[in-house]
Amino acid sequence: MSKKAKTVQNQNDAQTNEKPLIYLAEPSRILSKIISTELEKLNYEVRVFTDGYSLLKETIVHSPKLIISDNSIAEINGIELCKILKNGSTKDSIPFILISTDDSIFDFWISSMEANRVVLINNENIDYLIQTVNELLAFEFIEANSFFDEDAKKLTKTDDQVLTSWVVQAMTKSNLFLNMTKNIIQLYECVNDMEQLISQIFGLVYNACAYDIAVMVLDNQPAKVFMTGTEFFEVSVVDEFWNICKIEYEQQAKKNHTITYEDKYFENIVLKRPVGERFESYISFTIKNKKGFVGTLHLASCHKKIFNYKAISSIEYIIPALANILSESIAHSVLALQETRLRTAFSKFVPEEVINDFLHSDEKTELNNNNEKRNVVILMCDIRSFTSISEINKAEDVVNFLNSYFTHMVNIVKKYGGTVDKFIGDAIMVLFGAPISYNDNAQRAVQAAIEMYAQLEEIPCGNLKFPEGIKLDIGIGIHYGEVIVGQIGSADKTSYTVIGDTVNLASRLEGLTKLYGAKLIISEAVRDELDETLNVLLLDSVKVKGKKEAVFIYRVDEKALPAEFTEPYEKGFKSYAEGAFGLAIPYFEAALEVLPHDKSAKLMLQRCNEFAESKPDNWDGAIALTSK
């Protein structure tokens, strides 16, 4: 026995001059003799019972210091005995040790939370049982009120009537807790709606004790404060009550930072108008689970002693389950807030369906952690002569125009499932295929480009002035190829973007729109992904600056070019590529008769005239461009 236990025991013995009385319910004579002998050695008085009914009847008359009961006793077994004493009787503070020699059922009934200790008995641990007895008797157990306030009834009953009352009360309390458990389970239906969940919890607690005002504070940033019953009180009374709740919450939360609060009020939960204007009863509960502190619950009433043992034990019974549900609800609300912020941020650049796919995709975590190689369509769009336009306008007029222009362009990009990667001055870089990819990324990109050009006349220019001979115009280049995509940047700042030769070539193609007089130029890789509904014409084979490989480039138009133009142009290009420059000349001349101002036909005719006189060395059908 520990020194502390011996000291407490000796003090108690000196005060009463009686040996501490222990009730032992054990059907085995041998085992009861062994346990009794060991306890009597320590100056305990032991009274042995072979069934639970006899022990209960005796407990009505005398209150032992401690009860030890085997689970397998007759008439009323150990678990039932414990439940009756702890849940139905006025003797619930008596320490109770549940024992068994059958380890096959030990794991099953060890879950009995009513017992103060559960001990598996064998030949080697009788000493452990005795040690457990000493430890429990060393504590000072405070008598609690009956769950049903039986003391207040002051009724004279026979032993059998009292025993029957205990059994009924234990069953009633168990049924009450069972109903409360069912209500807790139903709360999980509201876990994704915090306000509805809190409303249901306030109602559940109100059924357990008819409070007049309640506050729940959930540990978050900002801390969430929920109140009900405030409609019946003056503001000053509510403020005074809230200050008490706030102090208790902050003591429990132990935050190192400044706590900010976000409040919400509920009405029509408190059903009766309070009998007074000031509070006579107050109680608070700490809501926590295995993961930690969740929040606090505060209740007050204008009645005295409304928070009795029944009310307190009922609420304490549901607190652990509430902590788990509230933790899950807080986590869900945090994710919902993050999703809302994500949607708000990305909705300016990304279509709604792309955001939905991204948020619900199993691959979205990879986007945060791993860069990857992926085939992506890159669209580059640039305003023609924008430097000249900017030079003759006020900065604020230029910015206002760009905001309007970008808004129109981005709306079209989102319509076709593209994602704006970045704005580069007056240029826009758009991705089709990242973060969300479709089967027809190239088709979507080209259709978006056609509409972007078609909508230019709808864009208001505000106070923007244009130099003489210049109007609002754009050039678009599109290429399809492999890139590295992911979070790219420094340790302090990163952005989701793509890098690689595909990006560079898309930018070169956009620059070629000025040289060839086309609104939209695409690469062969893009052309191979398109269906036959688009109006596509092969323009040239080029080696852009910095690249040795030749690339076939195509122009795309919203409306089909005249066949009288496209047919001779295609024949002329075939002869040109084969090095038959003289044969190509009449075809390009024929094309220009149809469209005299076409820059691409003029450019090809000029080259044929030059190359017919002096054929380039090692001609392979592709022209090497020396400028961007």
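Reckoned from all heavy atoms, side chains included, excluding hydrogens, waters and symmetry mates.
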For this session: Can you sort out the partners of E248 under side-chain contact (heavy atoms from CB on, under 4.5 Å), two or more places apart, ordered by chain and number?
Result: I244, Y282, S284, H298
Seminar exercise, completed: With sequence neighbours left out, the residues meeting side-chain contact (heavy atoms from CB on, under 4.5 Å) with I287 are M216, V294, L297, I319, A323, L326
Problem set entry | Pairwise distance CD1(I35) to CD1(I97) - rounded to 0.5 angstrom | 9.5 Å
For this session: Could you please spell out the steps behind the side chain to side chain donor-acceptor pair (under 3.5 Å) verdict for D51 and S54?
Result: CA-CA 6 Å; D51 64 89; S54 300; 2.9 Å; yes
For this session: Under the side chain to side chain contact (heavy atoms under 4.5 Å, CB included) rule, what do L136 and K65 come out as? Steps first, then yes or no, please.
Result: CA-CA 10 Å; L136 289 177; K65 293 293 184 180; over 6 Å; no
Problem set entry | Pair listing, salt bridge (charged side-chain N to carboxylate O under 4.0 Å, His left out) test, anchored in residues 267-287, at least two apart | E240-R278
Exercise. How far does OH of Y249 sit from CZ of F293, to the nearest 0.5 angstrom?
Worked result: 5.5 Å
For this session: Go through V215 and V225 one step at a time and tell me if the side chain to side chain contact (heavy atoms under 4.5 Å, CB included) criterion holds.
Result: CA-CA 7 Å; V215 168; V225 181; 4.1 Å; yes
Seminar exercise, completed: When rounded to the nearest 0.5 Å, the distance separating CD1 of I94 from CD1 of I22 is 12.0 Å
For this session: With rounding to the nearest 0.5 Å, note down the distance linking OG1 in T296 to CD in Q252.
Result: 7.5 Å
For this session: Can you measure from CG (L39) to CG (L129) and round to the nearest 0.5 angstrom?
Result: 7.0 Å
Exercise. Is the backbone N or O of F96 less than 3.5 Å from a side-chain atom of R117, with the two atoms forming a donor-acceptor pair by type?
Worked result: no
Exercise. Taking D421 for the side chain and L431 for the main chain, is one N or O donor matched with an acceptor at less than 3.5 Å?
Worked result: no
Problem set entry | E372 vs V485 side-chain heavy atoms within contact, under 4.5 Å | yes
Exercise. Just by modelled atom types, is the I73 backbone N or O under 3.5 Å from a matching donor or acceptor in the N77 side chain?
Worked result: no
Run the side-chain donor-acceptor check on residues 192-205: report pairs under 3.5 Å with partners two or more places apart or on a different chain.
{"from": "N192", "atom 1": "OD1", "to": "H332", "atom 2": "NE2", "distance (Å)": "3.4"}
{"from": "D193", "atom 1": "OD1", "to": "E195", "atom 2": "N", "distance (Å)": "3.4"}
{"from": "D193", "atom 1": "OD1", "to": "Q196", "atom 2": "N", "distance (Å)": "3.3"}

For this session: Test I312 against I283 for side chain to side chain contact (heavy atoms under 4.5 Å, CB included), laying out the working first.
Result: CA-CA 9 Å; I312 295 172; I283 192 170; 3.5 Å; yes
For this session: Please report the C-alpha distance between T228 and Y206 in whole Å, then the side-chain angles of each, then the deciding distance to 0.1 Å, and finally whether the side chain to side chain contact (heavy atoms under 4.5 Å, CB included) criterion is met.
Result: CA-CA 10 Å; T228 188; Y206 187 78; over 6 Å; no
Seminar exercise, completed: Sequence neighbours excluded, the answer for side-chain contact (heavy atoms from CB on, under 4.5 Å) partners of K305 is none
For this session: Not counting sequence neighbours, which residues clear side-chain contact (heavy atoms from CB on, under 4.5 Å) with E328? List them please.
Result: Y188, V191
Seminar exercise, completed: The ring-ring contact (aromatic ring centres under 6.0 Å, His included) partners of F432 (sequence neighbours excluded) come to none
Exercise. Between Y128 and I121, is any pair of side-chain heavy atoms under 4.5 Å apart?
Worked result: no
For this session: Compare all side-chain heavy atoms of L218 with those of F226 and state whether any distance is below 4.5 angstrom.
Result: yes
For this session: May I ask you to decide if G292's main-chain N or O and N289's side chain share a donor-acceptor pair within less than 3.5 Å?
Result: yes
For this session: Only pairs at least two apart or in different chains count here, so list each salt bridge (charged side-chain N to carboxylate O under 4.0 Å, His left out) that has a residue in residues 281-300.
Result: none
Exercise. Is C302 close to F232 at the side-chain level, that is, under 4.5 Å between some pair of heavy atoms?
Worked result: no
Exercise. Heavy-atom distance under 4.5 Å between the side chains of R47 and L21, does that happen here?
Worked result: yes
For this session: Give every residue pair that meets the salt bridge (charged side-chain N to carboxylate O under 4.0 Å, His left out) criterion with at least one member in residues 221-231, sequence neighbours excluded.
Result: K224-E262
Exercise. Any side-chain heavy atom of S301 sitting closer than 4.5 Å to one from F279?
Worked result: no
Seminar exercise, completed: F406 meets the ring-ring contact (aromatic ring centres under 6.0 Å, His included) criterion, sequence neighbours left out, with F423
Problem set entry | ring-ring contact (aromatic ring centres under 6.0 Å, His included) against Y23, all qualifying residues, sequence neighbours excluded | F49
Exercise. Looking only at atom types and distance, does a side-chain atom of S100 sit under 3.5 Å from a main-chain N or O of N71, one as donor and one as acceptor?
Worked result: no
For this session: Name all residues meeting the ring-ring contact (aromatic ring centres under 6.0 Å, His included) criterion together with Y265; count only those two or more places apart in sequence or in a different chain, and write none if there are none.
Result: none
Exercise. Once you round to the nearest 0.5 Å, how far does CD1 of I76 lie from CG of L56?
Worked result: 5.0 Å
Problem set entry | N/O donor-acceptor pair under 3.5 Å between K422 side chain and I428 backbone | no
Problem set entry | W242-Y261 aromatic ring centre distance below 6.0 Å | yes
Problem set entry | Non-hydrogen side-chain atoms of I68 and L66 separated by less than 4.5 Å | yes
For this session: Please check if any side-chain donor atom of S63 sits under 3.5 Å from a side-chain acceptor atom of K91, or the reverse.
Result: yes
